[in-house]
Amino acid sequence: MDLEFSPEHRQFRDELRAFLEGWPLSGAEAELPLEEQEQLFRERGIEAGYVYRNIPKEYGGSGQPLDVIKDSIVAEEYARVGAPGNRIDQGPGLLAPTLIEFGTEEQKREFVPAMLRGEVRWCQGYSEPGSGSDLASLKSTAVLDGDEWVINGQKIWTSNAQDAQYLFGLFRTEPDAKKHEGISYLLVKLDQPGIEVRPLKQMSGGVDFNEVFFTDARTPADHIVGERGQGWAVSRATLVHERNLIGNPNMMREHFDQAIELARTTLRDGRPAIEDPVIRNRLAEIEGYVRTAELSNLRQTTAAARGEPLKVMLPMMMNKLYSTDTMQKITSLAYELLGSDGMLAPTEEDVASYARTHTPSGYVEQYIFSQGPAIAGGATNIQLNIIGERGLGLPRDLRAPKT
Ligand SMILES: Cc1cc2nc3c(=O)[nH]c(=O)nc-3n(C[C@H](O)[C@H](O)[C@H](O)COP(=O)(O)OP(=O)(O)OC[C@H]3O[C@@H](n4cnc5c(N)ncnc54)[C@H](O)[C@@H]3O)c2cc1C
């Protein structure tokens, strides 16, 4: 086993580290609003070839030759210094790679560059009331009327729809086909008379989820991704990117390092909590999980770099399952370390930062937030079933009778 990077990759890491010394910005640039600073640094990252590496230049990426080891070095180094790299919201994180794979030339040119720059925000309209785990049972319809689709129905749990201008979603277009074969993947403008977005308030106080209602809403006929009735296959591609994002070990490491810092700085009976053998034990146990995730990630990266066919579904599913579970362990420990500060309500900044603030209320937000990813992108029970049945060939789970 050779765990050394090649001279080329070591040099790449050195150059990247030098580039990342430019973050945080300094001088007059440091006075800009944070979002503008992030966008500025992101654009520098695109120019230097580090950000959106695998998206061609004509669609706004940096169009670098495929190199999964460089990709993983970039992800690691950006996470280490907390610099803004690829946007991870639904547009750039999920839809952009899906459009690169399945979209038409017009769709790629029209939509991808603006979503990468963050100028047009997207949300994901899959789940419906009663169609979450059993997504293929979805009922919202789209009917072709001349050169437009006419859409009716309802989506739910639509993250960030309140800030989005467009939705990519699944709609039933072939009512007589089998349930998986009757679905199409459509791109829909939200700001139109037939669409109402209603926010859902969460227990953390944040409002990230929405219900989206469609009443004779319209979208052009060519805003379909993939073929008519083939939306299920397209949506599986998006889901792989979603599970990859959730299963990212760098985020786990970032949160774990913060928990260690918290244990160092929190006092228990007048001594730093990290000196308490029970806390040390738990940290050591979690370190084992985090290292396993990192090594597993390296193993997958090595296999991909060698061009070995990865059984895509199984490792991705395992990554997601493992990372959501470990993140819950990390955030529970941090939450317990807070003691009575654990009663603090998360601030707006904690919520808006996607649980990345390192304040007592920020750790409360991390704890609350960590419950969600185990459900998003396919709940844990469903992941276990798929890994067991399709990955390991175990007998199928009992199905409830259809009454
Ligand atoms: C943080 C977060 C963000 C989300 N963002 C989006 C978004 O942007 N767009 C979107 O479309 N959706 C989004 N969702 C919704 C998400 O996809 C669904 O919540 C998820 O698919 C589960 O569906 P459900 O909520 O309807 O639960 P259900 O399907 O009703 O499941 C309820 C429980 O029953 C279990 N269960 C169900 N069926 C089985 C079975 N056959 N065997 C064993 N156990 C089973 C599940 O594991 C779960 O524990 C988001 C959810 C979360 C938590």
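Numbering of ligands and ligand atoms starts at 1, following listing order. No hydrogens, no waters, no symmetry mates; every other heavy atom, side chains included, goes into these values.
- Remark: the Gln124 side chain and the Asn160 side chain contain no N/O donor-acceptor pair separated by less than 3.5 Å.
- Relative to the ring axis of Phe5, Arg13 places its NZ or CZ within 45° and under 6.0 Å from the centre.
- Atom 30 (O) of ligand 1 is never approached by the protein to below 4.0 angstrom, counting heavy atoms only.
- Checked against the 6.0 Å centroid threshold, Tyr50 and Phe12 count as a close aromatic pair.
- Because its NZ or CZ atom is both nearer than 6.0 Å to the ring centre of Tyr289 and within 45° of the ring axis, Lys329 counts as a cation-pi partner of that residue.
- Nearest non-hydrogen protein atom to atom 9 (N) of ligand 1 is Gln124 O, 2.7 Å.
- Looking at atom 28 (P) of ligand 1, its nearest protein heavy atom turns out to be Ser133 OG, 3.7 Å.
- The cationic group of Arg121 does not satisfy the cation-pi geometry with Tyr166, failing either the under 6.0 Å distance to the six-membered ring centre or the 45° limit from the ring axis.
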> Step by step, would you call His223 with Phe168 a ring-ring contact (aromatic ring centres under 6.0 Å, His included)?
Replying inline: CA-CA 10 Å; His223 282 192; Phe168 58 92; over 10 Å; no
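- Nearest residue to atom 16 (C) of ligand 1 from Cys123, Ala379, Ser127 is Ser127 (criterion: closest heavy atom).
- Scanning all protein heavy atoms for the shortest distance to atom 20 (C) of ligand 1 gives Ile375 O, 3.6 Å.
- By heavy-atom distance, the residue among Ala376, Ser235, Ser131, Gly132 lying nearest atom 21 (O) of ligand 1 is Gly132.
- Using a 4.0 Å cut-off to heavy atoms of Ser159, the atoms of ligand 1 that qualify are 3 (C), 4 (C), 5 (N), 6 (C), 7 (C), 8 (O).
- Among all protein heavy atoms, the one lying closest to atom 35 (C) of ligand 1 is Asn381 ND2, 3.6 Å.
- A donor-acceptor contact closer than 3.5 angstrom is absent between the side chains of Gln154 and Ser140.
- The protein heavy-atom contact nearest to atom 42 (N) of ligand 1 is Asn385 ND2, 3.4 Å.
- Distance check for atom 33 (C) of ligand 1: every protein heavy atom is found at 4.0 Å or beyond.
- Ring geometry, Tyr363 versus His358: the interplanar angle falls under 30°, so the pair is classed parallel (tilted spans 30 to 60°).
- For the pair Phe209 and ligand 1, a heavy-atom separation below 4.0 Å is found.
- For atom 25 (O) of ligand 1, the closest non-hydrogen atom on the protein side is Trp157 NE1, 3.8 Å.
- Looking only at side-chain heavy atoms (C-beta outward), Arg80 and Glu76 stay at 4.5 Å or farther from each other.
- For atom 45 (C) of ligand 1, the nearest non-hydrogen atom of the protein is Ile382 CD1, 3.9 Å.
- Closest protein heavy atom to atom 53 (C) of ligand 1: Gly372 O, 3.4 Å.
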